Q: 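Pasting a structure below so you can have a look.
These numbers were taken from a predicted model, which means no experiment stands behind them.
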There are 2 protein chains.
Amino acid sequence: MKEGPDIALIGSLIGDPARANMLTALMGGRALTATELATHAGITLQTASSHLAKLEAGGLLTQRKQGRHRYYALSEDEVGLMLESIMGFAASRGLTRHRPGPKDPALRKARVCYNHLAGDYGVRMLDSLVAARQIEMTGDDLVLTDAGQARVEALGIDYAALKKLRRPICRTCLDWSERRSHLAGSLGEAFLTLFIDKGWARREQNSRAIRFTDTGEKAFSELFPQY
Amino acid sequence: MKEGPDIALIGSLIGDPARANMLTALMGGRALTATELATHAGITLQTASSHLAKLEAGGLLTQRKQGRHRYYALSEDEVGLMLESIMGFAASRGLTRHRPGPKDPALRKARVCYNHLAGDYGVRMLDSLVAARQIEMTGDDLVLTDAGQARVEALGIDYAALKKLRRPICRTCLDWSERRSHLAGSLGEAFLTLFIDKGWARREQNSRAIRFTDTGEKAFSELFPQY
DNA sequence: CGAATGCTTCGATTATGGTCGAAGTATGAA
DNA sequence: TTCATACTTCGACCATAATCGAAGCATTCG
């Protein structure tokens, strides 16, 4: 007669208002930091940390460590579907909810992320490289293909030198504004350096923004077309 | 920034182990009494009553008063779908659950329910009448059609006499074993009386069981074919 | 190397709510 | 009417867990 406690566990995870707000925020499909999620839930960072640990232990969330940030996202499509069905039923009996507002618009286009390009341009660059089969992306792992290596060398990047470094050449980095992956690692740094060296882009003062010149814009669009 | 609390409410309802066990038991699609649900949950009747009131207030359950019993069932298809998605996710990370065992086999086939036929035969009878468009069933309301009225009179039931009574002619009654509706009301009583008068069936001693004779079985199958 | 930021862990407080005993209500049976 | 069954309500107890302050760890920046 002993009934399994599993659906109760999932329910109780969703049942706390703070966690429910976090999950709702993550339903947008973008990864969020612990601090952001704490704000969404209206609780302190300590409490949020506890909740996030529970959600992760319950399999609802996955965590990506990114520098001193921790980005949380829904772990599987199934989690989203489950939440959607609950939200659908809940919506059918009352309360509506509103979407969180947009973010700072200035840095969304292009900015430096430690040492590589991030923002819309960063995401577009990686997307384009993957679409052109110059980088293979399986999950979070990036591998430069032979075609990619040739392309990189043709651009004047010293690939052999990159290989000698202990740092990974290709890494994914979760984008602050786009919340999708862009290219990090030594190759990502090399690309940004290239853009700046060529005079296509330059860093803003007292900001992480990257400003592309007109010729830079044009060259970037030719190098990394959008499909 | 105030996020709606609705999915948290639903989650917390599902999140309690006792309530989760009740909901799981109801996922079989059959209505269950408060006492049965208390047993499934492993709690006392008082506690179960409190839980059931909450689940009903949350819109997950509906209640049907039937004599001194209260039958509870999932309120909508959407509830079942929601629970199914949660169970699917929960199952994908661990515990399995087992189905509750079968019930007393003796009375399942046919028995008297106060004054009318219940059990498998009772359910089959109503199903057949509805399928033949002699009774229209909208929700819990039953209406005898013109064709149904003619059929009833052809069988020798005094429909005019039934109409004079204050009792409702057609009523649904939730079946103890089948947990689906069968025909109650004065017409239900008239049918059972007819079966007994014709010698097709008789009541068992000290039991609520109804035993059909061979000719009764045959006549019943002809009168109420299964589609 | 500090200093600052992002997050976790620990510990204590507090409150929500699950639980059951006892008593009360409603329905059916005798 | 009286008794039995099915269920609800009330009240009190108790355990779980949500919360936050303070301290600790990890990472980046200057």
Side-chain angles (χ1 to χ4, degrees), chain A residues 5 8-9 11-22 31-58 61 63-72 111-116 118 167 171 173-174 176 184 189 203 205-208, chain B residues 5 8-9 11-22 31-58 61 63-72 112-116 118 173-174 176 184 206-208:
Chain A
L9 188 124
S12 67
L13 285 174
I14 303 170
D16 180 77
R19 285 192 291 261
N21 284 332
M22 292 175 165
L32 297 170
T33 67
T35 305
E36 286 169 321
L37 289 168
T39 305
H40 274 99
I43 53 180
T44 62
L45 187 55
Q46 305 96 291
T47 308
S49 179
S50 159
H51 284 311
L52 290 169
K54 287 173 186 173
L55 287 170
E56 196 182 2
L61 260 47
Q63 193 198 49
R64 275 186 71 180
K65 220 172 163 181
Q66 188 87 16
R68 43 186 175 184
H69 295 274
R70 297 213 179 170
Y71 283 92
Y72 288 90
R111 66 179 179 281
V112 65
C113 179
Y114 305 129
N115 52 23
H116 55 268
R167 297 171 53 197
R171 273 184 58 203
C173 180
L174 204 51
W176 168 83
E189 185 178 7
R203 301 186 183 221
Q205 295 291 87
N206 297 329
S207 166
R208 303 177 67 174
Chain B
L9 188 122
S12 67
L13 284 175
I14 304 171
D16 179 77
R19 286 193 292 261
N21 284 334
M22 292 175 164
L32 297 170
T33 67
T35 305
E36 287 170 320
L37 289 167
T39 305
H40 273 100
I43 54 180
T44 63
L45 187 55
Q46 306 95 291
T47 307
S49 179
S50 160
H51 285 311
L52 290 169
K54 287 175 186 173
L55 287 171
E56 195 181 3
L61 260 46
Q63 194 196 48
R64 275 185 71 180
K65 220 172 162 180
Q66 186 90 11
R68 45 185 173 185
H69 295 274
R70 298 214 179 168
Y71 283 91
Y72 287 90
V112 64
C113 179
Y114 305 132
N115 52 22
H116 55 268
C173 180
L174 203 51
W176 167 82
N206 297 327
S207 167
R208 302 177 69 175

Q: Is there a side-chain contact between B/K65 and the phosphate of D/dC7, meaning an N or O under 4.0 Å from OP1 or OP2?
A: no

Q: Which pair of heavy atoms, one from A/A41 and one from A/N21, lies closest together, and at what distance?
A: CA-CB, 4.0 Å

Q: Report all side-chain donor-acceptor pairs from residues 46-56 of chain A shorter than 3.5 Å, counting only partners two or more places apart or in another chain.
A:
{"unit_1": "A/Q46", "atom_1": "OE1", "unit_2": "A/T44", "atom_2": "OG1", "d": "3.3"}
{"unit_1": "A/T47", "atom_1": "OG1", "unit_2": "A/T44", "atom_2": "OG1", "d": "3.1"}
{"unit_1": "A/H51", "atom_1": "ND1", "unit_2": "A/R19", "atom_2": "NH1", "d": "3.0"}

Q: Atom CD1 in A/I43, atom CG in A/L37: separation rounded to 0.5 Å?
A: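 One finds 9.0 Å between CD1 of A/I43 and CG of A/L37.
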
Q: Using atom CD1 of B/I43 as one end and atom C1' of D/dC14 as the other, report the distance to the nearest whole Å.
A: 17 Å

Q: In whole Å, I'd like the distance from the CZ atom of B/R64 to the P atom of C/dT27.
A: 16 Å

Q: Just how far, in rounded Å, is C1' of C/dT19 from CE of B/M22?
A: 12 Å

Q: Could you check if a side-chain atom of B/M22 sits within less than 4.5 angstrom of a side-chain atom of B/D16, using non-hydrogen atoms only?
A: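 Sidechains of B/D16 and B/M22: no contact.
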
Q: Nearest 0.5 Å please: distance from the CG atom of B/L9 over to the CD1 atom of A/I14.
A: 12.5 Å

Q: Summarise how protein sits on nucleotides 2-18 of chain C as a single string, 5' to 3': B when a protein heavy atom is under 4.0 Å from the base, S for sugar-phosphate-only contact, - for no contact.
A: --BBSBBB--------S

Q: Minimum heavy-atom separation for A/P17 and B/A8, please, with both atom names.
A: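 Shortest heavy-atom contact: CA-CB, 3.7 Å.
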
